[in-house]
Amino acid sequence: MKSVRNLIVVLGDQLTPGLSSLATGDSKLDRVLMAEVTEEASYVRHHKKKIAFLFSAMRHFAEELRKLGWQVDYIALDHKDNQGSFTEQVKHACKTYKPKRIVVSQSGEWRVAEMFKAWPKQTGVPVDVLTDDRFICSIDEFAAWADGRKQLRMEYFYRDMRRKTGLLMDGEHPEGGKWNYDAENRQAASADLFMPKPKAYRHDAIVKDVLALVEKRFDNHFGDLLPFWYAVKRKDAEAAFTFFVEHALPQFGDFQDAMLTGEPFLYHSVIAQYMNCGLLDPLKICQQVEAAYRKGTVPLNAAEGYIRQVIGWREYIRGIYWLKMPDYASSNYFDHQRALPDFYWTANTDMACVRSAVTQTKEQAYAHHIQRLMVTGNFAMLAGINPQYLHEWYLSVYADAYEWVEMPNTIGMSQFADGGLLASKPYAASGAYINRMSNYCGSCRYDVKLRTGDNACPFNALYWDFLSRHRDKLASNPRIGQMIRTYDKFADAEQARIKASAAKFLATL
Ligand code: DLZ
Ligand code: SF4
């Protein structure tokens, strides 16, 4: 066997040829190890489509690396040498190759970073963990930004990232004179608008093999495996993004918060699963968006809104994750302890909005940000679901979900379980918000206009009950405090009806 200098371990969300661990390596001297391992697929029971997507993309990436001249050991799930976990697989490879060093780029999860730390002792081989420079802001840079600040506001961080990347800048100033055009992005959609479907791909031989494997091995996981239409190759993911820029991005800004029954994608790009595993480069796609704006095919509110999600929110969320882990994981500001209702898995509920969001999640491993934040997330917070259970749910059901991005979005943004580190107020809303932004309520058995009683939209009583239950923690919040004062003006009898309605509904969960 050829001797090996270093063992370069590439994880499932590191499918980028320019990855730091590869860029500093030498394809003639080093060997790449990639593995499909049961531990990663089942530490939370990921959606079948998510596993199929990732395994297919990993297999294609191994091919891509081989074409670039790398020696790749690709250990498929049913490979005879499969050891079941990253650590055991790395130990096995160290025995085979006796490398001088193990080289790896920073992991996306704290849990895996802890594994890296244990490897030197477990294998007897030193480990180099290299910065993941696919992110615009490094973990250290974020920590330096956060140091000494009372509040970690995304908006200021975002402006720094605009300056750093030069995206949508007009010299020193933001393009168009404003940093943020969100106020223009809150229109409701109507079903007669033309909405392009994301670009879909046929199954090649690799995808066919993986689909059969997932069907066999992960049959008991949540979600529909078919139809499977995701891109699994870099070239196809890039084409899917270009399709979005040409066909949907012009309308993305206006309708990004809208929700329609039977329209899971609207004008969204549906590419986070590609970007988060490394098939798309965040900076490159933002440059592509800017170029479309400069060419005049995309309005500024859409271009700015999209770029903000990528270089602002996405980077900020990652910074928070690494700044606050591991304690962040157990945050539970409201001390919510309720179990996750079954309908998060079955969609078996009379609430049309929740049914729609869960059904499409099951079918597509996808829901857009407002469905996640204002339907399933909002419901969970109002109903007092334990944020850790909800976090595991989001992490497992969405194809784009990795802990670094999903956890702060769930714990911080959606559940306010960090007590307001990330969000300035809880994203709590009654049925009126959902009714304004969607067409769900029209086909719901509940009446969104009623506050209490068996036919009332459950979000309504739950909303007021949530405010009253947590008044100690919320009364001083400038935005929510005002709603608590509104509640206090309700007659005693109305307050009693709200309490009774909320309790009756919660008892059914
Ligand atoms: C999400 C996931 C799944 C389902 N399976 C694998 C796998 O078999 N092999 C692998 O390398 N990565 C997988 N991943 C992604 C990892 O969980 C992800 O790379 C780490 O959690 C990031 O620290
Ligand atoms: Fe959802 Fe309430 Fe509207 Fe029904 S009435 S769809 S439960 S917001």
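Values reported hereafter were calculated over all heavy atoms of this structure, with side chains retained and with hydrogens, waters and symmetry mates removed. Both counts, for ligands and for their atoms, begin at 1 and track the order of listing. Keep in mind the model is a prediction, meaning the values are calculated, not measured.
Taking atom 6 (C) of ligand 1 as the reference point, the nearest protein heavy-atom neighbour is Glu40 CB, 3.4 Å. Looking only at protein heavy atoms, the nearest one to atom 2 (Fe) of ligand 2 is Cys457 SG, 2.3 Å. Among all protein heavy atoms, the one lying closest to atom 6 (S) of ligand 2 is Cys353 N, 3.4 Å. With respect to atom 8 (O) of ligand 1, the closest heavy atom belonging to the protein is Val37 N, 2.8 Å. For atom 9 (N) of ligand 1, the closest heavy atom belonging to the protein is Ala35 O, 2.7 Å.
An N or O contact shorter than 3.5 Å is missing between Glu36 and ligand 1 by distance. The shortest N/O to N/O separation between Gly108 and ligand 1 falls below 3.5 Å. Ligand 1 has no N or O atom lying under 3.5 Å from any N or O atom of Val10, backbone or side chain. Some N or O of Gly12 is nearer than 3.5 Å to an N or O of ligand 1, by distance alone.
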Show the numbers, then the answer: is there a side chain to side chain contact (heavy atoms under 4.5 Å, CB included) between Leu462 and Phe379?
CA-CA 8 Å; Leu462 288 177; Phe379 179 85; 3.8 Å; yes
Q.
Checking Glu363 against Lys49 for the salt bridge (charged side-chain N to carboxylate O under 4.0 Å, His left out) test, could you report, in this order, the C-alpha distance in whole Å, the side-chain angles of both residues, the deciding distance, and whether it holds?
A. CA-CA 9 Å; Glu363 289 171 356; Lys49 231 185 208 83; over 6 Å; no
request  = Could you go through the side-chain hydrogen bond (donor to acceptor under 3.5 Å, both in side chains) check for Arg355 and Asn348 one step at a time?
outcome  = CA-CA 7 Å; Arg355 188 169 65 231; Asn348 189 4; over 6 Å; no
- Decide side-chain hydrogen bond (donor to acceptor under 3.5 Å, both in side chains) for Gln364 and Tyr398; before the verdict, give the C-alpha distance in whole Å, the side-chain angles of both, and the deciding distance to 0.1 Å. CA-CA 8 Å; Gln364 306 292 356; Tyr398 291 118; over 6 Å; no
side-chain hydrogen bond (donor to acceptor under 3.5 Å, both in side chains) between Ser20 and Thr131, worked out: CA-CA 7 Å; Ser20 50; Thr131 298; over 6 Å; no
Evaluate Tyr446 against Asn455 for side-chain hydrogen bond (donor to acceptor under 3.5 Å, both in side chains), listing each step before the verdict. CA-CA 5 Å; Tyr446 295 113; Asn455 292 325; over 6 Å; no
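Within 6.0 Å of CG in Asp454 there are 12 or fewer heavy atoms belonging to other residues, nucleotides or ligands.
Numbered from 1 in the order shown, with element, the atoms of ligand 2 that lie under 4.0 Å from a heavy atom of Met351 read 7 (S). Atoms of ligand 1 found under 4.0 Å from any heavy atom of Asp13 (numbered from 1 in listed order, with element): 18 (C), 19 (O), 22 (C). Listed by atom number, the atoms of ligand 1 under 4.0 Å from Arg111 heavy atoms are 21 (O). Atoms of ligand 1 found under 4.0 Å from any heavy atom of Glu109 (numbered from 1 in listed order, with element): 21 (O), 22 (C), 23 (O). Close approach to Cys444 involves these atoms of ligand 2, each under 4.0 Å from a residue heavy atom: 4 (Fe), 5 (S), 6 (S), 7 (S). Atom numbering of ligand 1 starts at 1 in the shown order; those under 4.0 Å from a heavy atom of Leu54 are 1 (C), 2 (C), 3 (C), 13 (C), 14 (N), 15 (C). Every atom of ligand 1 is numbered from 1 in the order shown, and the set under 4.0 Å from a heavy atom of Phe86 is 9 (N), 10 (C), 11 (O), 12 (N). Residue contact check: Leu11 has heavy atoms under 4.0 Å from atoms 11 (O), 19 (O) of ligand 1. Those atoms of ligand 1 with a heavy atom of Phe55 less than 4.0 angstrom away are 5 (N), 7 (C), 8 (O). Which parts of ligand 1 touch Ala41 is read off a 4.0 Å heavy-atom cut-off, strictly below it: atoms 4 (C).
For Phe222 and Trp345, the distance between ring centers is under 6.0 angstrom. Residues Phe135 and Trp404 place their aromatic rings such that the two centres sit under 6.0 Å apart.
In the model, Trp313 has a side-chain atom that pairs as donor or acceptor with a side-chain atom of Asn409 under 3.5 Å.
The distance from atom 1 (Fe) of ligand 2 to the nearest N/O/S atom of Cys441 is not under 2.8 Å.
Only the side chain of Met58 comes within 4.0 Å of ligand 1, judged by heavy-atom distances.
Tyr394 does not carry Arg372 over the face of its six-membered ring by the limits of under 6.0 Å from the centre and within 45° of the normal. Note that Arg497 lies outside the cation-pi zone of Phe490, set by a 6.0 Å cut-off to the ring centre and a 45° limit from the axis.
Taking NE2 of His470 as the start and CG of Leu382 as the end, the distance is 9.5 Å to the nearest 0.5 Å.
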